[in-house]
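Working notes for the structure below.
Hydrogens, waters and symmetry mates are skipped; everything else that's a heavy atom, side chains included, is used. Indexing begins at 1, ligand by ligand and atom by atom, following the structure's order.
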Amino acid sequence: MAKAKKSWEKRLAGEPDELTVDFVESLSYDTRLYKYDIVGSIAHAQMLAEQKLITKSEFKAIKDGLIEIGEEIVEGRFKFDKKYEDIHMAIEAALIARIGQPGGKLHTGRSRNDQVSTDVRLWMRDEIEILQGKITLLQKAFVKLASKHGENIMPGYTHLQRAQPIVIASYLLSFVEQFERDFIRLKNCRDLVNISPLGSGAVAGSTLPIDRKSTARQLGFADISYNSIDAVSDRDFCAEFIFDCAMIATHLSRLAEDWIIYSSAEFAFVRIADSFCTSSSMMPQKRNPDVLELVRAKTGSVYGSLMAMLTMLKSQPSGYNRDLQEDKIHIFAASDIVEASLDMARAVVSHTKFNTKTISAGLEEGFLDATALVEYLVGKGVAFRKAHGVVGSLVAYCEQQTKKLAELNLDEFEKYSSAIEKDVYESLGAANVVKKYITEGAAGPEQAKRQIAYWNKQLEQR
Ligand code: ARG
């Protein structure tokens, strides 16, 4: 069979070199856009019919043909040939092969430059929803675990040194807040994504009466873009999307790091279920938090995608450049990793137990109540700086005596400050301290209870 030359190769002499074919193709990774390419093309064809650029029956042939091609792809019957470069050309070529001449009218008033941007935006709209769904499931897992530990206390850390007592629920809810911001970031990103570039053509629009608002409406876009040159080259939204993925990965890596540390024998704060641990090929006693280590490591790949995307955009001359084809490699890689990591994190959170006994047993180490004692003195009229110094000296004294603050008697306290009275003991010890937190958002049981109720309601509505 004689090889049919692609229409855009009439300009070129002979077949492209095999090296070129392999180098320029994106079909190996943009196939996953096929659904969006097909719905985008159907909307475009319908608009062409509305504008009398094609007939109604041509539209019907195009639509039916595209739907059949979609079915073939879903069922794995479609033969992808990299000589067609990308999913757009592969589908268009298949359409022409199937329905003949009407298929050759589909690309009227359109370029792959506005087409690919449309496809990516449609894909991303869905992907944002998927990621938001996974974030919500993870948040729910945290809230569920938090509601088991509304009263249990653990040390709160700064610089990974014991700082002040907190309830475990507040610790867990701190992640719900982080992921909530990720959810909102994705929602904001969607606003920039949900704009139709279709009809911008290659760079300058078209001399044909293309109705851009019609295709935008059909595809559910909130608006159209208003500058064709910008529209074909804008990938800001891709960089932003990958940044959002990178921030999710960052938050996941922080959780991973905490629990890798917390599951060590030195801490023994948490026990991750066996089904989410791995063992060692050599050391039979091992229970390793490999999944969390991998969640932590994969963050690096997402950052890599972000850097690649930004670097790709840097210094591009105005208008479309083929560089932009590589956007898909990075948006797909980043979202695949983050999807998998969110799933894994949710599973781990749902199957981890806090060793409240072990944690409680160590709570009186590290002077977690020192700051509360300072505030006790402030309540007695002592200036904060003065009180801070008094308690600093008391802690040093305790260390010499190997005593806790709560073990000092009033005579000992008296030597450091006359403002300390019998009621001081109500402010000492981790359990007393958390109950005394009164600020909104503090890490005490009262605040945690309110926040759990808030999140339960909030996440329920999603
Ligand atoms: N596969 C290309 C991409 O992803 C489609 C656009 C190609 N346009 C062109 N004029 N060569 O960007």
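- Polar contact check, His88 against ligand 1: no nitrogen or oxygen pair lies under 3.5 Å apart.
- Scanning the protein heavy atoms around atom 7 (C) of ligand 1, the nearest turns out to be Tyr320 OH, 3.4 Å.
- The single protein non-hydrogen atom nearest to atom 5 (C) of ligand 1 is Asp86 OD2, 3.4 Å, given as residue, atom name and distance.
- Proximity of Phe183 to Arg462: side-chain heavy atoms (C-beta onward) are separated by under 4.5 Å at one or more points.
- Those atoms of ligand 1 that come under 4.0 Å of a heavy atom in Ser26, given as number and element, are 1 (N).
- For the pair Arg235 and ligand 1, the shortest N or O to N or O distance does not fall below 3.5 Å.
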field: Pair Phe179-Asp182, side chain to side chain contact (heavy atoms under 4.5 Å, CB included): steps then yes or no
entry: CA-CA 5 Å; Phe179 289 111; Asp182 294 332; 3.5 Å; yes
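- Of all heavy-atom pairs between Gln115 and Ser41, the closest is NE2-OG, 4.0 Å.
- Within the 4.0 Å heavy-atom criterion, neither part of Gln115 lies near ligand 1.
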- request: Could you walk me through whether Thr250 and Tyr303 pass the side-chain hydrogen bond (donor to acceptor under 3.5 Å, both in side chains) test, one step at a time?
  value: CA-CA 9 Å; Thr250 304; Tyr303 291 0; 2.7 Å; yes
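- Checking only distances, Lys328 does come within under 3.5 Å of ligand 1, N or O to N or O.
- Between Phe241 and Trp123, the ring planes lie perpendicular to each other; the angle is over 60°, past the 30° to 60° tilted range.
- Taking a cut-off of under 4.0 Å to the non-hydrogen atoms of Arg322, the atoms of ligand 1 that pass are 11 (N).
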- request: Before giving the answer on side-chain hydrogen bond (donor to acceptor under 3.5 Å, both in side chains), spell out for Asp258 and Tyr171 the whole-Å C-alpha distance, their side-chain angles and the decisive distance to 0.1 Å.
  value: CA-CA 11 Å; Asp258 269 3; Tyr171 162 72; 2.7 Å; yes
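- Counting non-hydrogen atoms of neighbouring residues, nucleotides and ligands closer than 6.0 angstrom, the CD atom of Gln132 exceeds 12 such neighbours.
- Protein heavy atom at the shortest distance from atom 8 (N) of ligand 1 is Asn113 OD1, 2.9 Å.
- Ring-plane geometry between Phe269 and Tyr262 is classed as tilted, the angle between the planes lying from 30 to 60 degrees on a 0 to 90 degree scale.
- Residue Gln325 has at least one heavy-atom neighbour below 4.0 Å for each of these atoms of ligand 1: 1 (N), 2 (C), 3 (C), 4 (O), 12 (O).
- Contact atoms of ligand 1 toward Val116: 3 (C), 4 (O), 12 (O) (distance under 4.0 Å to a heavy atom of the residue).
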